[in-house]
2 protein chains.
Amino acid sequence: MTENDKLTEEKIFEAATDVFVDKGMDGARMQDIAIHAGINKALLHYYYRTKDQLFNAVFEMIAGKVLKKFAPVFEDNLSLEEKIRFFFKEHIKFLQENPKLPAFVLNEINRNPARIKKLLKNVHFETLWQKLYEQHKSELGKYNITEDALPQLMVSIAALSVFPFAARGLIEGILDKVGVDFNDYIEQRKEFAAEFVIRAIRK
Amino acid sequence: MTENDKLTEEKIFEAATDVFVDKGMDGARMQDIAIHAGINKALLHYYYRTKDQLFNAVFEMIAGKVLKKFAPVFEDNLSLEEKIRFFFKEHIKFLQENPKLPAFVLNEINRNPARIKKLLKNVHFETLWQKLYEQHKSELGKYNITEDALPQLMVSIAALSVFPFAARGLIEGILDKVGVDFNDYIEQRKEFAAEFVIRAIRK
DNA sequence: GTCTATAGAAGGATAGAC
DNA sequence: GTCTATCCTTCTATAGAC
């Protein structure tokens, strides 16, 4: 019973995840989710009263997972350059395994910016960035980094990693025309992006 | 008559542009477009038989406009560094005036990748990139640029300019928490991104 | 060319049997 | 907990008057 509940609820949640990520909130159909889960519409509404509730559950899980992947940046066990290389390697690897998540999350956030407030409620960026600054204070002599340019640098790093996936349709279209495979391109990118940033910030 | 046709068709097209950019294909409603245009639904279908046709007209116009903004990169009247500075200044200025276009175009391309084929049909990247390489051949001694890394470099430049707008909801949410205004941030970005790239490619 | 009215289909949600 | 049947609203699209 509770065992079975769990199974059905999980099946629904996974099916909903697939469909919402693929089609977005507006394009997704409850009927489609039901089919993917191997059940009927009525049962969806039994577990999650409305489409909105189901979407919110899925979105929060995914957005949380995506944002969490930036956390290692703020952990202190590597030099700045090591950290940058580690970040691109691991973050792009995560996106290779979940290539559709960036477009999904960014799109749904833009459609409903209020969502982001809730997600960031317990994240304190002032503290985080100060922490980051402290961590690498001693090596900063080698770099061109001012504290007030930190947001620019962080967004740039995120951009270099995330953009190729968020703009995949476009980039894949362009790469096709010059005979480059998207997956190869992404594999290359781990190192390219890291070296790019390191050269950009080095004095 | 033909004069009036033009007016109505233009009103419809502009209203459709606003609504589609705001809500996306799936979220947009013909009724909503009709209201924005100051007419009724039936008239929409008189000018554009279906929602799909109306959307395609709008999408092609916007995507064309957006992609065209990358063209100056391939024109030959500036040194490489001047070109990079010029690009970020002008491109980000364009995005400041049309902040919602990146998210719209990227999202719709991802939802229907076939669209991109049609748009890129007449663009020959091999030729364009070779041209670019020729243009700056003489100054390449100063830079770390290999021909096969050109796609990586180009995507990186696009990413640095476009990503803040494509991810606006998220970035604005973060900047809010550290007391930075999005518009100020973007204004700063023109110079930051240019210097970032130039340092990254300089030997 | 523009309108009102409505057809026809699709989608979210619920009732009720098992 | 799960299903079938169905309600009700919303949306695209068309018919037909002016």
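In what follows, chains carry the letters A, B, and so on, assigned in the order in which the sequence lines appear, proteins first and then strands, with residues in each chain numbered from 1. This is a predicted model, so every value here is computed, not measured.
The phosphate of D/dT2 (OP1 or OP2) has a side-chain N or O of A/Y47 nearer than 4.0 angstrom. Note on A/T8: a side-chain N or O is less than 4.0 Å away from OP1 or OP2 of D/dT2.
As a whole-Å value, the separation of B/Y46 OH from D/dG16 P is 17 Å. A straight line from CG of B/L43 to C1' of C/dT2 spans 6 Å, rounded to a whole angstrom. Here the P atom of nucleotide C/dA5 and the CD atom of B/Q31 are 14 Å apart, to the nearest Å. Rounded to whole Å, atom P of C/dG11 lies 11 Å from atom CG of B/D26. Separating the NZ atom of A/K11 from the C1' atom of D/dG1 is a distance of 11 Å, rounded to the nearest angstrom. Here C/dA13 presents its P atom at 15 Å from CG of A/D32, a figure rounded to the nearest Å. One interatomic measurement links the two molecules: OH of A/Y48 to P of C/dT14, which rounds to 17 Å at whole-angstrom precision. Across the protein-nucleic acid pair, B/F20 atom CZ and D/dT12 atom C1' stand 12 Å apart, rounded to whole Å.
Considering only heavy atoms from C-beta on, B/H136 comes within 4.5 Å of B/K83 through its side chain. A heavy-atom distance below 4.5 Å is not found between the side chains of B/H36 and B/E14.
Distance from the side chain of B/H45 is smallest to D/dA13 among D/dA13, D/dC3, C/dA13. In the set C/dT4, C/dG1, C/dG12, the nucleotide with an atom closest to the side chain of B/N40 is C/dT4. Minimum atom distance to the side chain of A/A42 is reached by D/dT4, of the listed D/dT4, C/dT2, D/dT14. Of the candidate nucleotides C/dG1, C/dT14, D/dT12, C/dT14 has the atom lying nearest to any side-chain atom of A/R49. Here D/dT12 is the nucleotide among C/dA13, D/dT12, C/dT2 with the atom lying nearest to any side-chain atom of B/K51. Picking from C/dT14, D/dA13, D/dC11 the nucleotide with the shortest atom distance to the side chain of B/R29 gives D/dC11.
Backbone-only contact: B/I39 has heavy atoms under 4.0 Å from sugar-phosphate atoms and none from a base. Contacts of B/A34 with the nucleic acid, taken as non-hydrogen atoms under 4.0 Å apart, are absent.
Both tests hold for B/K69 against B/F94: distance to the six-membered ring centre under 6.0 Å, angle to the ring axis within 45°.
Of the two residues near DNA chain C, B/G38 and B/K41, the one whose nearest nucleotide lies more 5' is B/G38.
Taking 4.0 Å as the cut-off between side-chain N and carboxylate O, B/E90 and B/K190 do not count as a salt-bridged pair.
Annotation: A/E191, atom CD; neighbour count of heavy atoms from other residues, nucleotides and ligands within 6.0 Å does not exceed 12.
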